[in-house]
Each structure stands twice: as structure tokens, then as C-alpha cells.
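Model, not experiment: these values are computed from the prediction.
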Amino acid sequence: MPTFQFEAMDSAGAEVKDTIEAANEEEAGAQVRKMGYFVTKITEKQAKKKGKAKDKKPKKKGKAFSIGGVPSKQLCTFTRQLSVLQDAGLPILRSLKILEGQMKPGPLKNALMDVVDDIESGATLSEAFAKHPKAFDRLYVNMVKAGEAGGALEVILQRLAMFKEKAQSLKRKVTGAMIYPCVVITVAGAILGFILYFIIPKFKKIFLDFGVDMPKITILLLDMSDWVVEYFYTIPLFPICFWLFCKLLRKNRTGAYVLDKIKLSLPVMGGIVEKSTVARTMRTLGTLVASGVPILEGLSIVRETAGNVVFERAFQKVIDSIREGDTIAQPLKEARVVDDMVVNMIDVGEETGDLDTMMNKIADVYDEEVDVLVEGLMALIEPLMIVVLGGMVGFIVIALFMPLIKLITELSG
């Protein structure tokens, strides 16, 4: 079995060098990690050969092929691990090498390999991160830059890790609220399609054979069934065309504004979208301000990451207002995208010079309100779905039984 020589760091940050036997390099790394060490380097120990031995430079591993961006969950985990290593006092280069060595092949590992090379060439961490916008967005880069300038990178990384974790939690809540209704609607649609395609035509044949005089509700059901049987292949095109229409409409600024305005006006769901956007934007701005990022730069980042054109326009008004020497609270109040409570708390934060704390408190309050709205939505969806499905079943039963009752009456008479 091959012998591998490894270099690692223990929990106290002390360097450990030793050898271990394993079938391959991955297994050796796993064994070292089980021993409680952070792996920094693993090389296979070559057996001594007779004659001249040539010194070989260790080959650097190439990048793995990857498609797409970095998953937010993976970036969140990386940020937390990097903050822990920095808090332990390890140099940033060694911390990055440890995390890059432990990471599975993918976009983030490829980006970290380039970041390590750039830092070894003399670049700062923020400069190296800025070259990979798909992995590290503008918010991430600016916070790291502020941490470097203030000499408190470990504190900034802790804040960034906490921010990413809360944002991830909020996203999971909103996404989780949408899964249940989507699954129920899809299953109900599939069952309805099956009935219209396979069951209704058989009843139609019976009615025509006996020459039953059918009411309008039955004729409507049979027409729907005929359409499904004849044009069933077009049914999947409806959601696809709707999705493409929305995507094309979003390319236009006015169209995107109208769509986001409609989204915010929806009952219950609009409240979830509004409050989750307020929570995310306020936490983002509060974290940036606390990290030492200039207020105008912070607002510009928040505007770009709002994810809603209505809020983007509101934050643009705030930016223009601050450039003219005004406050944040007044233009936000005029935009009417947030509650008076938010405006008042921001106003108090500006007066007391404690804006970041107030914004984080607003985010905490709205996170709780999102939880309440999500629970309310789930409680509302179940009876609503029962009513809708009951209505569909009732329509089909009535439409089929009315001519059947008439047929039975005629036959018995």
C-alpha cells in the first residue's frame, strides 16, 4: 500500500507533519481529517531508486470542468469556515489553501485555486475575490475590502458568515412555502387531465348511443374533453409560454416594474415577498454600514441585490436624496414601499448614529413576520385546495350524473 506524507494543522494552529498509509490520495486525506487535522498538503512518498534521482517539482492539480455559479449554501459554509480559521489566527493564504484542499471539485474550488495564485502573486484578498463575480458578489468583495482596510478581517468574515446564514434561512422559508401548493396543483392537474382524456370520452359514447338530451353543463364538459384529446400536446406549452412571456417582459424596465408591482399586490404571497425583501435589504445595508462601507456604496449594493424593481427605484431615490444632503428616511417614506415602523426606526438610527443596529433590528422583526405569514399561507392553502378540488370533482360529477339520471328514468319508464 502506498505511503503518503502529509502536512496539516491541529485545532490550536500548530503544524503537524507525518506519514500515513492509504490506497490513494483521497483516502489519505479522509484519514487525516478523521484524526482532527486540517490538511494543507499531501504527497505520495516515492520509493528510493538506484542511480541518479531527479528532483521533480510537484505537479499542480488542474481545474475540474464545472458549469454554473456557486450554490449559496456552499458559499455560506465556506464563509463560516474561513471566519473560524481567521479567528484561530491562521494566515489568510494558509486558510484558503486548507479550504481549497478540502473542497470537492466545482466552481468554488476553481475560483479558490485562482484566488490562492493571485494572493501568492501579491494581490489582496478583496482584489482576488473581485476577479470571480459569479462566486463572490459585490457585497462580498466590498465587505472583505472594508475588513482589510480596518484591520478586522476576522470580525467582518464573522458578520458576513452570519449574514449569509440568515439570508439562506430566509430563502429556505419562502421556497418551502411554495413547494406544497406547486405539488398539489401539479398532481390535481394531472388527475384532471387523466379524467378528461380517458374517462369522459367513454361516457360521451354512452350518451350518443342512447341519444340522451344533454344539459349545457354536460356539453361544456364533453367539449373540454374533446379539446384535451385532440390538442393534449399543447398543454405543456401554456406554462412554458407564460414563463417565456414573463422573462421577455423582465427585459424591459417598465415591464419588470409592472410584474414586481403585481407580485407585491398578491394577497398573502405579496406580503411574504415584500417583508422578505425588506428583511434582506435592511440586513444587507446594516451589515455593510457596520463593516465600514460608505453609505452611498452600501445603498448602491443594496439596490443591485434587492431583486425587485419597485424596491430598486425606491433605493435609487434614497441615493439621489443623500447626494443632495438629505436623509435616508424621508425618500423611503415618499416611495411608500416600506411600513412607517421601518421609516421611524431608520430615522431614529440616523439621529443616534446607530443606523446599523436599527437596520439589523428591522431585519429581525421582519424575519419573524415572514415566519408568521408563511405559517398563515400554509394554513390557508390546505382548505383553499380542498375547496378548489372539491369544486372540480363536483362539476364533473354533476355534468355526468344529470344525463345519466335522465337516461335511467327513460329506460325504466
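Distance check: K134 NZ to N110 CG gives 12.0 Å after rounding to the nearest 0.5 Å. Separating the OG1 atom in T327 from the CD1 atom in I322 is a distance of 8.0 Å, to the nearest 0.5 Å. The OG1 atom of T77 sits 8.5 Å away from atom CD of Q168, with the distance rounded to the nearest 0.5 Å. Annotation: the span from L389 atom CG to L384 atom CG amounts to 9.5 Å, rounded to 0.5 Å. Interatomic distance, T277 OG1 to L264 CG, rounded to the nearest 0.5 Å: 6.5 Å. Taken to the nearest 0.5 Å, the CE atom of M341 stands 10.0 Å off from the CD1 atom of I346.
Between R138 and E304, at least one side-chain nitrogen of the basic residue sits less than 4.0 Å from a carboxylate oxygen of the acidic one, meeting the salt-bridge criterion. Look at D260 and K263 and you find a salt bridge, because one of the NZ, NE, NH1 or NH2 atoms lies within 4.0 Å of a carboxylate O, short of that distance.
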Checking side chain to side chain contact (heavy atoms under 4.5 Å, CB included) for the pair K171/K73: CA distance, chi angles, key distance, verdict?
CA-CA 11 Å; K171 187 179 178 182; K73 186 177 179 181; over 6 Å; no
Side chain to side chain contact (heavy atoms under 4.5 Å, CB included) between R323 and D320, intermediate numbers included:
CA-CA 5 Å; R323 282 177 179 155; D320 296 339; 4.0 Å; yes
Verdict with reasoning, E154 to Q158, per side-chain hydrogen bond (donor to acceptor under 3.5 Å, both in side chains):
CA-CA 6 Å; E154 65 279 359; Q158 286 173 4; over 6 Å; no
Could you walk me through whether E165 and R80 pass salt bridge (charged side-chain N to carboxylate O under 4.0 Å, His left out), step by step?
CA-CA 9 Å; E165 286 164 358; R80 174 57 68 188; 2.9 Å; yes
Please step through side chain to side chain contact (heavy atoms under 4.5 Å, CB included) for the pair L112 and F78, ending with a clear verdict.
CA-CA 11 Å; L112 286 179; F78 162 77; 3.6 Å; yes
Using the rule given for side chain to side chain contact (heavy atoms under 4.5 Å, CB included), can you reason through L221 versus L196, listing the C-alpha separation, both sets of side-chain angles and the distance that settles it, and then say yes or no?
CA-CA 8 Å; L221 179 63; L196 291 172; 3.9 Å; yes
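Annotation for I219 and M214: closest pair CD1-O, 3.7 Å, computed over non-hydrogen atoms. The nearest pair of heavy atoms linking E100 to K109 is O-NZ, 2.6 Å. Across P403 and T218, no two heavy atoms sit closer than the pair CD-OG1, 3.4 Å. For the residue pair A128 and D118, the shortest heavy atom distance occurs at CB-CB, 3.9 Å. Of all the heavy atoms in E369 and K275, the pair that sits closest is OE1-NZ, 2.9 Å. Among all heavy-atom pairs drawn from I272 and V370, the shortest one is O-CG2, 4.4 Å.
Side-chain atoms of F311 and R280, non-hydrogen and from C-beta on, never get closer than 4.5 Å to each other. Counting only heavy atoms from C-beta outward, the side chains of W243 and K247 approach each other to under 4.5 Å. Contact of the N252 side chain with the Y257 side chain is not registered, since no non-hydrogen atoms from C-beta on lie closer than 4.5 Å. A 4.5 Å side-chain heavy-atom check between N344 and D339 finds every atom pair outside the cut-off. In this structure the side chain of L288 never reaches within 4.5 angstrom of the side chain of I295, judged on heavy atoms. Residues D114 and K131 are not in side-chain contact: their nearest non-hydrogen atoms beyond the backbone lie 4.5 Å or more apart. Within the 4.5 Å cutoff, no side-chain heavy atoms of V229 are placed close to those of I200. A 4.5 Å side-chain heavy-atom check between K166 and M162 finds at least one atom pair inside the cut-off.
Legend: ring-ring contact (aromatic ring centres under 6.0 Å, His included) pairs involving residues 140-179, not counting sequence neighbours, sorted by first then second residue: F129-Y140, F136-Y140.
For the residue pair Q316/E312, the side-chain donor-acceptor check at 3.5 Å is not satisfied.
When the shell of 6.0 Å around NZ of K164 is examined, it contains more than 12 heavy atoms from other residues, nucleotides or ligands. The local environment of CZ in F245 is sparse, with at most 12 non-hydrogen atoms from other residues, nucleotides or ligands closer than 6.0 Å. In the displayed structure, K406 atom NZ is contacted under 6.0 Å by more than 12 heavy atoms of other residues, nucleotides or ligands. No more than 12 heavy atoms of other residues, nucleotides or ligands lie within 6.0 Å of CE in M402, so this atom counts as exposed by the packing criterion.
Not counting sequence neighbours, the partners of D209 by the salt bridge (charged side-chain N to carboxylate O under 4.0 Å, His left out) test are K205. A search for salt bridge (charged side-chain N to carboxylate O under 4.0 Å, His left out) contacts involving R283 returns D364, D367, not counting sequence neighbours. With sequence neighbours excluded, the residues satisfying side-chain hydrogen bond (donor to acceptor under 3.5 Å, both in side chains) with E148 are S126. Taking the salt bridge (charged side-chain N to carboxylate O under 4.0 Å, His left out) definition, one finds that K204 meets it with D226, sequence neighbours left out. Under the rule for a side-chain contact (heavy atoms from CB on, under 4.5 Å), the partners of I156 that lie at least two apart in sequence or sit in another chain are M143, R159, S291.
In this structure, the side chain of N360 engages the main chain of D356 through a donor-acceptor pair within 3.5 Å. Remark: the backbone N or O of P294 is not paired with any side-chain donor or acceptor of E297 at under 3.5 angstrom.
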